[in-house]
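Quick notes on the structure that follows.
Heads up: numbering here begins at 1 and tracks the sequence. Basis for what follows: all heavy atoms, side chains included, without hydrogens, waters or symmetry-related copies.
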Amino acid sequence: MGKLASGRQALVVGAACLAVLFLWPRLGTLGAKVSSSLVAVIVGMIMVPLFGMNVSTIGDLYTINAGLPELHVP
């Protein structure tokens, strides 16, 4: 049940971000000055902790190494 609830919450975040992407440019001067994709990312970042959503992030799914990649001859 936890995985299904997480999927629904991710769907809600995705739908809200898509709505922002399509509706933001119609706001006039503010919509023209600020990128809708930037606003959509910020809305998604605010929604998850504000509503206590259990949505997987890239950090939850993958490991990200802090160092530089190893050099090798192709």
Side-chain angles (χ1 to χ4, degrees):
M1 181 66 180
K3 198 174 222 181
L4 182 63
S6 176
R8 287 182 183 162
Q9 291 173 354
L11 183 66
V12 169
V13 172
C17 290
L18 275 175
V20 168
L21 284 172
F22 288 118
L23 298 176
W24 186 257
R26 299 173 196 252
L27 290 179
T29 58
L30 182 62
K33 290 182 180 182
V34 181
S35 170
S36 61
S37 57
L38 177 63
V39 176
V41 168
I42 291 171
V43 166
M45 286 173 39
I46 291 172
M47 279 181 64
V48 172
L50 185 67
F51 298 121
M53 295 179 161
N54 184 20
V55 178
S56 296
T57 63
I58 293 173
D60 295 336
L61 301 174
Y62 304 101
T63 58
I64 300 172
N65 296 333
L68 295 172
E70 293 182 24
L71 296 175
H72 65 281
V73 178

Under 3.5 Å, sequence neighbours excluded: what are the donor-acceptor pairs made by side chains of residues 33-43?
unit_1: Ser35; atom_1: OG; unit_2: Ser37; atom_2: N; d: 3.4
unit_1: Ser35; atom_1: OG; unit_2: Ser37; atom_2: OG; d: 2.9

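- Cluster membership check: Phe22 does not share its hydrophobic cluster with Trp24, using side-chain heavy-atom separations under 4.5 Å among Ile, Leu, Val, Met, Phe, Trp and Tyr.
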Quick one: side chains of residues 62-74, donor-acceptor pairs under 3.5 Å with protein atoms, not counting sequence neighbours, listed by atom name and distance.
none

Pair up each side-chain donor or acceptor in residues 10-21 with any protein partner under 3.5 Å, not counting sequence neighbours, and list the distances.
none

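- With rounding to the nearest 0.5 Å, the separation of CD in Gln9 from CE in Met47 is 9.5 Å.
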